[in-house]
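Beneath this line is the structure, given in structure tokens, with notes to follow.
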There are 2 protein chains.
Amino acid sequence: MAAMEQQEVHERAGGRRRGPSKGDLREQAILRTARGLLADKPLERITVDDLVSGAGISRPTFYFYFASKQAVFEALLDPVGDAIMDVADSWLTSPGGSREELHASLAGLAALWSAHGPLLKVVLREDATGALLECRDRMLGRLAANATARIDRDRAAGLAPDGPPAADLGALMVRLLTQALSDAIGPSGTDPVPPGLLDTLTVVVGRSIYGRTPSDPAPAG
Amino acid sequence: MAAMEQQEVHERAGGRRRGPSKGDLREQAILRTARGLLADKPLERITVDDLVSGAGISRPTFYFYFASKQAVFEALLDPVGDAIMDVADSWLTSPGGSREELHASLAGLAALWSAHGPLLKVVLREDATGALLECRDRMLGRLAANATARIDRDRAAGLAPDGPPAADLGALMVRLLTQALSDAIGPSGTDPVPPGLLDTLTVVVGRSIYGRTPSDPAPAG
DNA sequence: GATAAACTCAACTGTGTGTTGAGTATTCCC
DNA sequence: GGGAATACTCAACACACAGTTGAGTTTATC
């Protein structure tokens, strides 16, 4: 319960209460250490002691700045989540249904995975909890909602054939993309996304949404 | 290092060395307890103490039968892995490229996920290690190899258009299927797979492999 | 220069994994 | 049936990691 109180204090002003700077440096040092360690080993193998010794502080000092190890990675993830939202929105608002445009959108996603691989892998993991889980659901939800809207729009315009409910198809495409990108960057999360993968994803997403097989209805208009 | 020795003893005959039965009951009790607990909570929240008290033994007795908590779940997974291999092979050897046949194959996979959901989720997790990781790679590899062979065959027969390298496409389809099924059965891994998902997956896989968009080549023959 | 808020830590608690060392039961061979 | 090997069992450790306590020092503010 004492833990609760302390966490609430932290929540109140997103980490520390206020104040100019002295401890800001330490907070930054913790975040920097976390980011660095993440390139070497997965989240579950990073201990509070790693962060503590990396930042040159003691254990309780760490807990003064962050409520838990997870909270550090949540803080790290915040700006990345925003970037994902931007990609999602730009995909929705981009013009036509051309292959090039789809390819470009996927490249935007891939760039995020290249830049923040380890972090994105963490948040997509099945056993995420707390704020990490919320963040994931928000990210995936926004991506899926925009994909769904896109599919509906293109179906209404006769660009895409009917098929599964747009929401199901959209959610599936999002899962496919995020999973494929996470796989591509390897266990450490630092490999580059191979260009061939982008081509394959473009074809698969393109065919799934716009493609026809003999048993699909013919194009409208 | 003492741990090493004990583990090797275990490995030598897949668990215990031999002998008739007395301890076989305990081993079964541990496995049964593990399977039961898995329906309630995820692997990482199951402790050795849970298994120990569930099976009515002491801690060291547990370690006599299994080298670690992970080893228990590896043992549980063995037969499931075999079943996956069967599904993979039956998909490869099934006849034509009809939608019904694809749907039936996917239903076979889905049945496995319904029956062994929690276990399959564990093995597909990114942070699997040791034998669990090997098992996963073997399963996914076999599925992907068979999907690839299937795509090659159907392309050669003029049933499927050209497109991304068959191996890339096959691997992506496998990832899509396993991920979608894992998602569908929920966090606990015990929800039923909704029938609508099977339809959607059938369409997506069908279109990805056999479908055409205006920019894809026309059907051969 | 006193008061409060920001900051720091040595030493602790708690929970989990895996081990040690010393046994008891079972089997197998004579 | 006696004796040695093998199967099995456990109380009591050792250790790693998360998170806490309680008491202290610095820094900003009036």
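Order of the sequence lines fixes the chain letters, A, B, ..., with proteins taken first and strands second; residue numbering starts at 1 for each chain.
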Please give, in whole Å, the distance from [N] [atom2] to [X] [atom1]?
{"X": "Asp50(B)", "N": "dT15(C)", "atom1": "CG", "atom2": "P", "result": "13 Å"}
{"X": "Lys69(B)", "N": "dT15(C)", "atom1": "NZ", "atom2": "P", "result": "16 Å"}
{"X": "Phe64(B)", "N": "dT20(C)", "atom1": "CZ", "atom2": "P", "result": "16 Å"}
{"X": "Arg45(A)", "N": "dA16(D)", "atom1": "CZ", "atom2": "C1'", "result": "14 Å"}
{"X": "Phe62(B)", "N": "dA11(D)", "atom1": "CZ", "atom2": "P", "result": "17 Å"}
{"X": "Glu44(B)", "N": "dT17(C)", "atom1": "CD", "atom2": "C1'", "result": "16 Å"}
{"X": "Asp49(A)", "N": "dC15(D)", "atom1": "CG", "atom2": "P", "result": "16 Å"}
{"X": "Leu51(B)", "N": "dG16(C)", "atom1": "CG", "atom2": "P", "result": "12 Å"}

Taking the minimum atom-to-atom distance to the side chain of [X], which one of [options] wins?
{"X": "Pro60(A)", "options": "dA18(D), dT20(D), dT8(C)", "result": "dT20(D)"}
{"X": "Val48(B)", "options": "dT17(C), dA7(D), dC9(C)", "result": "dT17(C)"}
{"X": "Tyr65(A)", "options": "dC9(C), dA7(D), dT8(C)", "result": "dT8(C)"}
{"X": "Thr61(B)", "options": "dC10(D), dA18(D), dT8(C)", "result": "dC10(D)"}
{"X": "Tyr63(A)", "options": "dA18(D), dC9(C), dG18(C)", "result": "dA18(D)"}
{"X": "Arg26(B)", "options": "dT8(C), dT17(C), dT9(D)", "result": "dT9(D)"}

Do NZ/NE/NH1/NH2 and the carboxylate oxygens of [X] and [Y] come within less than 4.0 Å?
{"X": "Arg45(B)", "Y": "Asp50(B)", "value": "no"}
{"X": "Glu101(B)", "Y": "Arg150(B)", "value": "yes"}
{"X": "Glu44(A)", "Y": "Arg125(A)", "value": "yes"}

Task: Side chain Arg35(A), main chain Ile30(A), donor-acceptor under 3.5 Å - done: no
- [ ] Give Thr47(A) one of three labels, base, sugar-phosphate or nothing, depending on what nucleic acid heavy atoms sit under 4.0 Å from its own.
- [x] sugar-phosphate
Task: Distance (rounded to the nearest 0.5 Å) between Asp183(B) CG and Thr178(B) OG1 - done: 9.5 Å
Open item on the list: Quick check: any donor-acceptor pair below 3.5 Å linking the side-chain of Arg59(B) to the base of dA11(D)?
Closed with: no
